[in-house]
Structure formats: structure tokens, C-alpha cells
Amino acid sequence: MNNHHQTKAFKRYTVTSALPYANGPIHIGHLAGVYVPSDIYVRYLRMKKEDVVFICGSDEHGVPITIKARQENITPQQVVDKYHQINGDAFNKLGISFDIYHRTTAPLHHETASQIFKTIYDKGIFEENDSEQYFDEKENQFLADRYITGTCPHCSYEKAYGDQCENCGTSLNPQDLIEPKSVLSGNKPVLKKTKHWYLPLNKYEDVLSKWILDGHKSDWKTNVYGQCKSWLDHGLQPRAVTRDLEWGVKVPVEDSEGKVLYVWFDAPIGYISATREWAKENGKDWEPYWKSDDTKLVHFIGKDNIVFHCIIFPVILMAEGSYILPENVPANEFLNLEGDKISTSRNWAVWLHEYLEEFPGKQDVLRYALCATAPETKDNDFTWKDFQSRNNSELLAIFGNFVNRTLVLTHKYYEGKVPSLGEITEQDKAVIEQIKAFPGIIANSLDKYRFREAVGEMMNLARLGNKYLTDEEPWKVIKTNPERVKTVLNISLQICANLSLVCAPFIPFTAEKMSKMLNIKELLWDDAGRLDLLKENDLINQPELLFEKIEDETIQKQIDKLQNTKQQNIINAKADPLKPEISFDDFQKMDIRTAIVLKAEKVAKTKKLLKLEVDTGVDIRTVVSGIAEYFNPEDVIGKKVLILANLQPRLIKDIESHGMILMAERRDGSLYFVSAGDDVEKGCKIS
RNA sequence: GGCAGGGUAGCUCAGUGGUAGAGCACACGCUUCAUAAGCGUGCCGCCGUGGGUUCAAUCCCCACCCCUGCUACCA
């Protein structure tokens with residue numbers, strides 16, 4: 001209904017896939033959410049002869065990469081080189097058909113990001129804040145706003161953050177805080193002069209509201225629209241676009257030593273620099289793809305990225321002034337794996353580069369399985385059993401088998417030559433009508449970014465073929481009415497040919513095999529639905545099987561592998577590096593003793609906090625502890641615990657906490673009590 | 001805790017103000033051209049819970065519960 005093809009004609013498409021962060025490999029969650037859908041969309045557009053550029057690349061800046069480099073004792077550049085290579089290669093092998101897979105460490109990207117920053121800077125749009133900023137001398141680094149806490153100057157709330165006071169809602173600057181404290185070291189940070197630039201998102205609230213809330217109410221996905229509405233209703237804050245860091249795009253103005261663009265600012269610009277690089281390599285002009293009103297810009301992303309692509313990046317583009325805004329941002333939800341959240345750190349994932357090695361030649365199986373189970377409207381679960389079923393029951397039994405039986409019959413009866421289309425029966429007519437209708441049905445789903453639906457309809461065309469064959473029984477009719485069989489097989493072959501067309505966006509490797517078998521040359525979407533894709537006497541090659549059965553053992557091996565990595569994780573759990581050495585005196589300063597929990601209740605309006613009353617032997621005191629996610633209040637009453645008793649009292653959510661309960665953290669983040677045993681008495685000192 | 005999205009058959013998902021649908025799985029039947037594949041039929045559901053609006057609610061309103069994301073919170 002809200003089909004933009006009807007209301008607005010686009011001359012070209014710029015399609016982007018979220019830039020994967022170059023500190024790890026690609027897994028099935030990334031694929032199902034972003035790369036498979038976007039590739040399907042782009043392949044479909046290309047088949048319609050649309051002018052389209054498909055953009056992706058590695059996002060290579062930001063603090064996490066510097067941390068990873070430090071951990072592995074290599075340079076940040078070495079980190080990103082490694083994953084840029086692995087991921088680019090893996091995408092390519094899966095048939096994700098980016099026109100370019102670029103990277104944000106490329107000089108052209110630095111140039112582009114600088115230019116855009118400079119343009120906005122020259123227009124005086126940034127709010128410049130060159131006052132002093134807090135610096136943690138112990139950690140030797142500037143502190144991000146939310147790594148500083150202190151007392152709110154408006155409401156005297158003692159636990160206000162550097163950017164905002166939770167209590168009264170006022171937005172703050174870190175230096176407004178009374179008695180600031182570094183969250184990193186706990187020390188008092190010192191003020192050090194530094195300059196930063198802010199993008200005044202707040203000044204764009206009206207334009208954004210008009211654009212999104214009024215303009216895209218009906219064509220954006222509900223999750224995307226809802227999230228944007230939430231942000232806009234809350235009101236936007238100016239956001240710093242620079243940071244005191246070495247790794248990144250240098251801030252291109254004077255007096256900005258040691259500063260780079262904040263990674264969220266430079267990353268989406270990576271789409272633009274990638275387009276420029278592609279244009280350069282292919283002798284094209286990049287600008288129409290980003291600056292012309294008749295270009296349709298579409299961002300494929302995961303749901304965690306909505307605010308950057310719907311609010312922040314559009315503001316950057318508007319501020320720059322010469323760019324178009326995205327027409328749609330089809331964000332997907334998340335994919336789980338065998339019931340658990342995919343986790344890179346816990347190694348709970350199916351990695352693309354590993355899949356490609358372990359399932360050679362089965363790219364389409366993964367593409368199909370992930371598309372069919374893509375988390376379009378809500379989180380979804382990938383299981384190996386489902387993967388097996390998608391292959392065996394659908395790709396093989398329905399799709400592959402139909403093609404095979406048709407081609408086998410053609411060879412058996414006609415030596416591989418396409419038989420003539422004779423008289424058409426009523427049943428034929430009905431089938432023909434459906435063949436004609438399918439491309440439109442599939443296209444309609446694709447236009448609305450409903451890829452699951454689209455791939456289902458593709459499979460329905462194969463179902464139609466199977467039903468047609470079963471109904472017409474050519475293997476029987478051949479004995480009584482051979483003339484009729486020619487028509488039946490002609491139509492069946494046309495279905496095969498049509499399948500090879502409409503399946504191409506989803507399972508391109510299979511489409512390729514089919515067009516070779518059928519000797520079909522040019523594949524265009526507009527040809528789909530035709531009944532003369534194969535002409536009488538055209539020669540069909542010997543059929544080869546399109547899919548092979550995936551056995552239980554193969555699946556079990558994968559499930560075992562997951563279980564093993566889970567076990568491995570526990571065994572190999574890398575201990576955190578030792579903290580710097582301390583003196584015996586330092587240790588002696590700590591008063592750790594046993595205590596008993598007397599009362600426990602959840603702190604209102606928090607997820608993690610329990611307010612505990614504990615008996616330390618010397619007193620009964622209140623301690624606030626962040627354990628509510630793993631323990632119910634009633635379960636901790638009576639617990640014998642260890643407490644750090646002489647810790648400076650601290651106000652947490654308006655409750656003064658006296659001391660800290662000692663907990664041990666498992667690798668998955670869950671907690672358990674550190675205890676001296678159940679027979680311990682309260683008030684014993686630990687030394 | 002705030003905000004957003006979701007909670008529909010064993011599994012993955014559609015859907016509508018008028019006593020619920022598809023695919024897979026399962027059962028039975030038909031078929032044998034085909035990779036033990038195909039086709040047909042059937043089974044399975046207090047449409048998260050409790051209220052309300054309505055002649056009528058799974059779909060509208062309110063409250064609550066659960067899952068996910070963003071955000072706050074872990075001395």
C-alpha cells in the first residue's frame with residue numbers, strides 16, 4: 001500500500017550493510033540480521049536492472065580495538081588487518097555481493113570523514129566546548145562523561161553522572177559536579193584543558209520528527225519507528241563528536257592534538273567513503289548515490305544500531321547539508337543460537353569462516369536457512385536441527401527434487417530436448433496463471449523487506465511444480481497419450497526455468513547451477529513469469545543434484561562442537577591479569593570479616609540492587625549490593641558472607657551503603673557468594 | 001526502574017472487531033517419474049494473565065507477568 005515505487009520513482013539505489021566491527025569474525029547472527037537480507041535485496045534490484053551500489057566495509061576505529069591490541073600485544077592496525085581480511089573473504093565466499101568491501105582505516109575514509117567534519121565545523125554548527133575536562137592521572141587518560149560521578153549542583157543528588165543527573169533529570173557537564181570522582185580509579189580527577197565539539201542533536205528534533213514520525217509512520221518497521229519515537233519524545237542532547245584518543249580519524253582543525261573523531265561519527269561516514277572508493281575504481285561518479293533526490297538510500301542494520309542510523313547519522317548528513325536521508329532502515333532483531341544468546345566472548349556462535357570450511361559448497365543452505373528464520377519481527381532462534389530440516393525437507397525434498405524429477409523425465413522421454421507445448425487444459429491454465437503471478441508476489445514481499453515471506457513464496461513455486469507433476473502423472477500418461485506428456489513436461493520445465501530466476505536472489509549458487517543445466521543465458525527479473533523461457537527443442541543438460549541430504553551425524557557434530565566450546569571456555573577461562581603489586585600494609589588496611597545477612601529487599605527502580613542488612617558482629621549495618629539479577633531477597637537471608645567492612649560509605653540510589661559483600665563472578669557474569677563455610681561464626685576477621 | 005518491540009499449534013511464523021491460519025514435525029491414505037523424494041487428508045491451540053469497552057475481542061483500552069534492545073543501576 002505504501003509502496004514507494006508507486007509514489008516516488010527512484011533512479012538509483014544506495015544500499016548499505018552495517019559495517020562489522022573489526023575486532024572479531026562474522027557469525028550467523030550478523031548474517032541473518034543484516035548481510036543475507038541486504039544481499040537478497042540487492043541481487044533482486046540488480047535483476048531488475050536497477051542502478052544500485054551495495055556498500056560495506058570494516059569499522060576499524062574505537063577504543064575496543066585498542067584494548068584488544070593491547071591484550072594481544074600487537075598494534076591496532078594488526079588487529080583490524082586480520083579481521084578485515086577474514087571477514088571480507090568470508091562474505092565473498094558466501095556470495096554476499098558487495099560492490100565494495102572497504103575499511104575505515106583507508107586514507108580515503110579519513111579524508112572523507114575529515115571533510116564532512118570540516119564542513120559542519122565551518123558552518124559553525126558544532127558547539128565548541130574548550131573548557132577543562134577531567135583527567136585521571138593514575139590511568140593517564142581523559143575521562144568520558146559517564147566515567148565521572150559527583151554531586152548534582154541542582155538537586156544535591158550525590159550520584160549524578162558527568163553528563164546527566166539521574167535524580168532530577170538535568171543534563172550536566174562533568175565540571176558542574178561537586179566532588180567529582182573517577183569511576184575508573186576512584187581517585188579525584190584533575191581538570192586538564194581539552195577541547196571538544198558537540199553535534200547539537202536537540203536542534204534537529206523538529207526536522208527529525210517531521211521526517212520520521214510524520215513521514216515514515218507507515219513504511220518503516222514498527223520496531224524502528226517505535227524506537228525513534230521513544231528517542232524523540234525524550235528529547236535529544238548535544239553529543240560530543242570528538243574524543244581524546246590516538247586511534248582514529250584526526251580532528252581536522254587547529255589545536256586538536258591527540259584528538260580523533262568519535263567512532264560513531266566516523267563509522268557511518270564509512271558508507272560514503274566506500275562509495276567514493278568504488279566509484280573511483282569503476283569510473284563512476286559517487287555523488288548522485290548520496291546527494292540526488294531520486295536515489296533511494298537504504299540501511300540494513302541490527303536493532304542495536306537504530307539510533308545511529310535513524311537519528312545521529314541523518315543529523316550529520318543534514319548538518320553537512322548536501323546529502324540525502326535514508327528512505328528506509330530495515331533493522332532486524334537478534335538471532336539466538338540453540339536457545340542462548342550469541343556471544344563472541346563466550347564463543348557461543350556459528351562462525352561464518354568455520355561454516356564455510358566445514359560445509360563446503362553449502363553456501364546456499366546457510367543463506368536459505370538464515371533467510372527463512374531471519375529475526376524480522378522478533379528475536380529468533382537458530383538450531384542445527386532447524387538447519388537440517390530446512391535443507392532436507394525443503395531445499396532437497398521440495399525444490400531440488402522437483403527440478404531433478406522434471407529433468408530426469410525430460411531426458412528419459414525426449415533425450416534432453418524441450419518438448420512442445422500442445423493443447424492447454426483447464427488445469428494447465430490454472431497452473432500457468434500461478435506461474436505468472438509468483439514473480440509479482442515475491443517482488444512485493446521483497447519491496448517490503450519481508451524476506452521470510454518472499455523466500456517462502458519462492459518455495460511455493462517449487463511446491464506448485466510438484467503438485468502439477470503428481471496431478472498429471474506423466475509417467476502413466478506416457479503409455480496412453482504421449483502427446484499430452486509433452487505439454488506437461490514443457491510446463492514443468494518452464495517452472496524450473498522460472499525457479500532458477502526467482503531463486504537467484506536467495507540462493508545464487510543454486511541459480512547458477514540451474515541456469516547451466518537448463519542452458520539459460522541472461523537472468524532478468526522481468527523475464528520471470530514467462531512461459532517461453534525454454535523454447536521447443538532447446539537442449540537440457542544432464543541433471544546434477546542441487547542439494548544433498550545432511551545426515552544426523554553431521555548435525556550432531558556441530559551440536560557437540562558447541563557444547564565443547566562451552567566446556568573449553570570454562571576450562572580455558574583466561575584469568576584477568578594481575579593487578580599491580582600492593583604492600584602488606586595495603587592489605588592490612590582492609591577489614592574483611594564474616595557476617596550474616598539479616599534482611600534483604602530489592603531496591604526500587606533498579607534491576608541489580610539489593611538492600612541488605614547484615615550483622616558483622618560489631619554492628620548491624622546496611623549494604624547495597626548489585627546481585628539482584630542472580631539472587632532473590634528471600635534466598636540470601638541467613639547467608640553467611642564475607643564483607644569488606646571499612647569501605648568508605650557510599651550513597652547508592654539514595655541509600656547509604658556501608659561496605660561491600662564479596663562475590664565471585666563466573667565467566668558468564670553470574671555471581672556466587674564468597675564464603676568461609678557454613679559453620680563459620682559472624683564477626684570473624686579475615687587475614 | 002524508564003522507554004521501545006514481542007508474547008498465536010511441538011518448532012518457525014502469518015493474521016483479522018464476528019466462535020483461528022501456513023510451513024516443518026507427527027498420524028493415516030495415495031503414488032512410484034524423482035535424492036526413501038512427491039501429493040492428499042487428519043491431529044494438535046483458554047491466540048501471556050486479569051479486568052474493561054462492545055451485541056461480539058486473539059485483534060481496541062487499562063493493569064500485571066515473561067522475553068529482547070536502548071538506558072539507568074553493580075563499592
Side-chain angles (χ1 to χ4, degrees), chain A residues 146 159 161 164 166-167 169 183 186 221-231 233-234 302-307 331 333-334 336 341 369 372-383 385-386 389-390 392-398 400-413 450 452-453 456 459-460 462-463 465-478 485 488-489 492 543-549 602-610 623-630 643-644 647-653 657-663 665 669 671:
Chain A
R146 74 171 114 134
K159 186 91 174 80
Y161 276 77
Q164 193 173 12
E166 251 286 283
N167 197 43
V183 172
K221 292 173 67 168
T222 49
N223 59 340
V224 176
Y225 183 88
Q227 192 82 119
C228 292
K229 189 170 182 331
S230 166
W231 278 83
D233 288 350
H234 277 87
K303 68 172 157 182
D304 52 334
N305 246 329
I306 291 172
V307 64
E333 304 281 315
F334 284 166
N336 293 324
K341 198 183 293 193
T373 188
E376 281 175 12
T377 51
K378 60 182 172 189
D379 290 359
N380 209 345
D381 196 27
F382 176 92
T383 63
K385 204 167 165 292
D386 179 74
S389 163
R390 296 281 179 197
N392 293 353
S393 307
E394 296 180 19
L395 285 176
L396 188 155
I398 295 167
N401 189 43
F402 166 67
V403 174
N404 186 245
R405 61 203 295 215
T406 302
L407 296 202
V408 167
L409 286 173
T410 303
H411 275 275
K412 192 176 267 185
Y413 300 152
R450 299 169 77 142
R452 275 192 319 226
E453 191 175 86
M459 194 52 74
N460 280 341
R463 287 196 174 94
N466 276 321
K467 183 164 168 51
Y468 182 63
L469 278 184
T470 302
D471 288 348
E472 299 303 327
E473 301 181 301
W475 49 90
K476 266 189 191 168
V477 178
I478 192 77
V485 171
V488 171
L489 277 180
S492 298
E544 55 171 303
L545 298 179
L546 294 173
F547 302 99
E548 59 184 29
K549 191 172 177 184
K602 190 128 189 262
V603 179
K605 299 188 179 184
T606 67
K607 193 196 277 182
K608 296 187 176 177
L609 300 183
L610 286 188
V623 178
V624 176
S625 188
I627 60 175
E629 278 185 304
Y630 301 102
I643 179 171
L644 178 58
L647 190 65
Q648 188 177 28
R650 172 151 168 151
L651 205 64
I652 303 167
K653 282 279 166 190
S657 178
H658 298 266
M660 179 171 165
I661 306 295
L662 302 190
M663 306 294 296
E665 186 177 338
L671 302 170

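Chain naming here is simple, since letters A, B, ... match the order of the sequence lines and numbering starts at 1 in each.
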OP1 or OP2 of B:A37 sitting under 4.0 Å from any side-chain N/O of A:Lys549? yes
Does B:C33 pair with anything, Watson-Crick or G-U wobble, both distances under 3.5 Å, and if so, with which nucleotide? none
Rounded C1' spacing from B:G21 to B:G51 in Å: 29 Å
Could you let me know what B:C74 is paired to, Watson-Crick or G-U wobble, both distances under 3.5 Å, or none if it's on its own? none
Find the distance A:Tyr225:OH to B:C70:P and express it as a whole number of Å. 22 Å
Within the 4.0 Å heavy-atom criterion, would you say A:Gly302 contacts the bases, only the backbone, or no part of the nucleic acid? nothing
Side-chain contact test, heavy atoms from C-beta onward, threshold under 4.5 Å: evaluate it for A:Ser393 versus A:Ile398 and give yes or no. no
Determine whether the side chains of A:Arg463 and A:Asn460 contain a donor N or O and an acceptor N or O closer than 3.5 Å. yes
P spacing across the pair B:U12 / B:G7, given as an integer number of angstrom: 13 Å
Spatial distance of atom CZ (A:Phe402) from atom CG (A:Leu546) [nearest 0.5 Å]: 11.5 Å
What about A:Asn223: does its side chain form a donor-acceptor pair under 3.5 Å with the base of B:A4? no
So, does A:Lys412 get its side chain near the phosphate of B:A34, meaning an N or O under 4.0 Å from OP1 or OP2? yes
Any strand, both distances under 3.5 Å, Watson-Crick or G-U wobble: B:A14 pairs with none
